[in-house]
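Scroll down for the structure; my scribbles are underneath it.
The residues of the chain are indexed from 1 along the displayed sequence.
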Amino acid sequence: MANREALRELQGRLAQRLQLARTEARGRSWLAVECAGLGLLVPLATAGEIFPVGTLVAVPHTQPWFLGVANLRGGLHGVVDLAAFLGLRPPMLRDAVREQQRLLAFNAQLGAHCAVVVDRLSGLRNAEQLSAEPDDGQARPAFAGAVFRDAQGRRWQEIDLVALARNDQFLAIAA
């Protein structure tokens, strides 16, 4: 029970910092999340609300990484297992969602009624906390942005939700 309380407090603090970061006129800022051990940075301008993973309604004949639809604040959103979509692990079962996993909704201004399941929230990051890695020349999908390192040496991959929402594979949920 104490873990749930602490998690709610963390979510509240993150929501406040997220709102504050959106209104501040400073450098680039990201929401840091983890998926299958990979650190991902989502630009704050494209991130929407964070929700606990609630009831997901299955949609037949869809990709294994498409977990179904969820009612988020009265609107239906498609829910994607981001780690499975990225090929980081096999798709999880709808019933196997862990307590610390969260739904990250896309910003409503994107017009994509979608949310992705992330394994863990890791707070907020700004440009002053990260150093850009040189481009390694490897081919990456259009939604994979720059790679950064933090002061502890952890690697973070930027994910552009606008480009992800327009990705052909992401849009092709039918199996």
Open item on the list: Quick one, Arg102 with Glu49, criterion salt bridge (Lys or Arg N to Asp or Glu O under 4.0 Å). Give me CA distance, side-chain angles, the key distance, then yes/no.
Closed with: CA-CA 10 Å; Arg102 293 288 173 258; Glu49 287 188 71; over 6 Å; no
Open item on the list: Let's go through Arg155 and Asp150 carefully: what are the C-alpha distance in whole Å and the side-chain angles of both, what is the deciding distance for salt bridge (Lys or Arg N to Asp or Glu O under 4.0 Å) to 0.1 Å, and is it a yes or a no?
Closed with: CA-CA 7 Å; Arg155 188 174 189 265; Asp150 62 19; over 6 Å; no
Open item on the list: side-chain contact (heavy atoms from CB on, under 4.5 Å), that's the test. Do Leu86 and Leu40 meet it? Break it down for me.
Closed with: CA-CA 11 Å; Leu86 296 174; Leu40 301 174; 4.2 Å; yes
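Within the model, atoms CG of Leu41 and CG of Leu124 stand 10.5 Å from one another, a figure rounded to the nearest 0.5 Å. Taken to the nearest 0.5 Å, the SG atom of Cys35 stands 8.5 Å off from the CD atom of Gln101.
Two residues are said to be in side-chain contact when any heavy atoms from C-beta on lie closer than 4.5 Å; Leu104 and Phe51 fail this criterion. Contact of the Arg89 side chain with the Asp119 side chain is registered, since non-hydrogen atoms from C-beta on lie closer than 4.5 Å. Looking only at side-chain heavy atoms (C-beta outward), Glu133 and Phe148 stay at 4.5 Å or farther from each other. Between His61 and Phe66, the closest side-chain pair of non-hydrogen atoms is not below 4.5 Å.
Closest non-hydrogen pair, Ala45 versus Asn107, comes out as O-ND2, 3.1 Å. Annotation for Thr46 and Leu110: closest pair O-CD1, 3.8 Å, computed over non-hydrogen atoms. Across all non-hydrogen atoms, the minimal contact from Gly68 to Val59 is CA-CG2, 4.1 Å. In this structure, Asp81 and Pro91 approach most closely via the heavy-atom pair OD2-CA, 3.7 Å. For the residue pair Gly78 and Val69, the shortest heavy atom distance occurs at CA-CG1, 4.2 Å. A pairwise comparison of heavy atoms in Leu88 and Ala36 identifies CB-CB, 3.7 Å as the closest pair.
Side chain of Gln63 to main chain of Ala174: a donor-acceptor pair is present (N/O by atom type, distance under 3.5 Å, no hydrogens or angles).
With Val117 as the fixed residue, the side chain to side chain contact (heavy atoms under 4.5 Å, CB included) test singles out one of Val80, Leu82, Leu67: Leu67.
Relative to the ring axis of Trp156, Arg125 places its NZ or CZ within 45° and under 6.0 Å from the centre.
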Can you give each donor-acceptor pair under 3.5 Å made by side-chain atoms of residues 140-147, sequence neighbours left out, with the distance rounded to 0.1 Å?
| residue | atom | partner | partner atom | Å |
| --- | --- | --- | --- | --- |
| Arg140 | NH1 | Gly145 | O | 3.0 |
| Arg140 | NH2 | Asp135 | OD1 | 3.4 |

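In this pair, Phe170 and Phe106 present their aromatic rings parallel. The plane angle is below 30°, not in the 30 to 60° band.
The environment of CZ in Arg154 is crowded: more than 12 heavy-atom neighbours from other residues, nucleotides or ligands sit within 6.0 Å. Residue-environment remark: CG (Asp168) stays at or below the threshold of 12 foreign heavy atoms within 6.0 Å.
For the side chain to side chain donor-acceptor pair (under 3.5 Å) test, residues two or more places apart in sequence or in another chain that qualify with Arg120 are Glu34.
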